[in-house]
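Structure first, commentary second.
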Amino acid sequence: MDVKKRSSTTPWQFATSETTMVRPLLLKPQWMNGLSERLLVSHYENNYGGAVRRLNAIRTRLATLDWAQTPVFEINGLKREELIAASSVILHEIYFDSLGGHGDNPPSGAEEPPAGLAQALERDFSGVKAWRTEFTSMAKALAGGSGWAILAWSERLGCLINQWAVDHAHNLPGATPILALDMYEHAYHLDFGAKAAAYVDQVMANLNWERIGARYRLAIGEAAAEEDELFLPFGAPAQEEARISAEELKTALESDDNRRPVLLDLCLPRDLPRRTDMLAGASMHAPGALSLWVEELPRDRPIAVYCICGFQVSGRAVTELRRRGYDARALVGGITAWHAIGGAIVPLDTSTYEGAS
Ligand SMILES: [Fe+2]
């Protein structure tokens with residue numbers, strides 16, 4: 001759940017420590033329960049990604065500010081926008097992290113909170129059902145407007161609270177959000193039009209209570225270290241050195257020496273219709289045809305492997321390439337995370353794809 005950077009090692013060039021990195025989607029957008037891939041990916045890339053890009057741009061501006069000479073209205077504006085952007089980033093991450101199935105399985109719609117969290121909801125709301133009624137009613141009351149419905153842990157009050165938030169920067173002081181439900185129109189309009197209540201019910205049928213429970217345990221100081229794995233895309237390489245973030249890859253690609261990574265775009269045949277673009281200079285291949293294309297890869301260059309969202313397709317390939325001695329890393333979050341940081345793309349070229357006609 002750590003949103004900060006990780007340490008760097010050569011020869012890969014990493015993003016600066018000041019950069020707020022995008023977090024990968026943990027849900028599989030193509031098979032959610034009544035929430036479309038188009039809606040989820042648009043929300044992630046444009047609204048969440050836009051907030052990350054805006055936050056980084058504001059912080060870049062703040063880093064160069066002459067504080068003593070800058071007019072107060074400019075300071076006020078920048079600090080207000082920084083708070084809104086940072087809060088939007090964090091709440092969107094909690095929202096997306098809270099959705100999805102378990103492992104490789106779609107959400108069942110029948111998941112319930114884990115025991116510890118269920119007991120806390122019983123203590124503070126007279127039961128899970130009562131909590132759910134209050135939470136969803138609060139969210140539905142925001143229909144036609146905008147804002148967030150938040151379940152948060154308040155250390156000061158000593159209980160979980162359902163909190164209404166009219167904008168991204170509206171939070172009970174000191175409270176830690178456990179679950180955030182996005183009620184801005186961009187979160188549902190593509191699928192539900194103005195039917196915000198139907199959207200709320202569908203979100204509740206997609207909750208990943210395992211991750212929500214882990215976030216609760218983190219808030220109350222009882223998180224287990226192994227729970228960090230819940231916050232990696234399913235199938236992504238477990239070793240940190242086998243992964244590269246979108247920001248790190250962007251920086252590495254800007255280098256002009258011969259250590260610039262080779263780009264490998266992997267896609268299952270069934271997923272080709274989901275693709276429209278790719279990173280410039282990438283070669284596209286079928287993961288199942290690895291024995292046909294692996295020998296073309298240079299052994300003296302780093303290799304960045306990506307798929308759509310950074311789950312098993314790139315994860316398994318990177319594991320195999322590293323087993324064969326290649327310096328390969330999987331792009332965390334795949335091309336979806338690349339889109340979210342505003343990375344450059346070109347139209348899809350399948351001419352190198354095995355079986356392409
Ligand atoms: Fe949103």
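Atoms considered below: every heavy atom in the structure, side chains included; atoms not considered: hydrogens, waters and symmetry mates. Just so you know, ligand 1 is whichever comes first in the structure, and atom 1 is the first atom listed for that ligand.
- With 3.5 Å as the limit, one finds a donor-acceptor pair spanning the side chains of E155 and W153.
- A cation-pi arrangement, defined by a distance under 6.0 Å to the six-membered ring centre and an angle within 45 degrees of its axis, is present between K28 and F311.
- For D182, the N, O or S atom with the smallest separation from the Fe ion (ligand 1) is OD2.
- The name of the N, O or S atom in H43 nearest to the Fe ion (ligand 1) is NE2.
- Looking only at atom types and distance, the side chain of N56 has no donor-acceptor partner in the side chain of T19 under 3.5 Å away.
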*Checking side-chain contact (heavy atoms from CB on, under 4.5 Å) for the pair V22/E247: CA distance, chi angles, key distance, verdict?*
CA-CA 8 Å; V22 293; E247 295 82 358; 3.7 Å; yes
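- For H92, the N/O/S atom at the shortest distance from the Fe ion (ligand 1) is named NE2.
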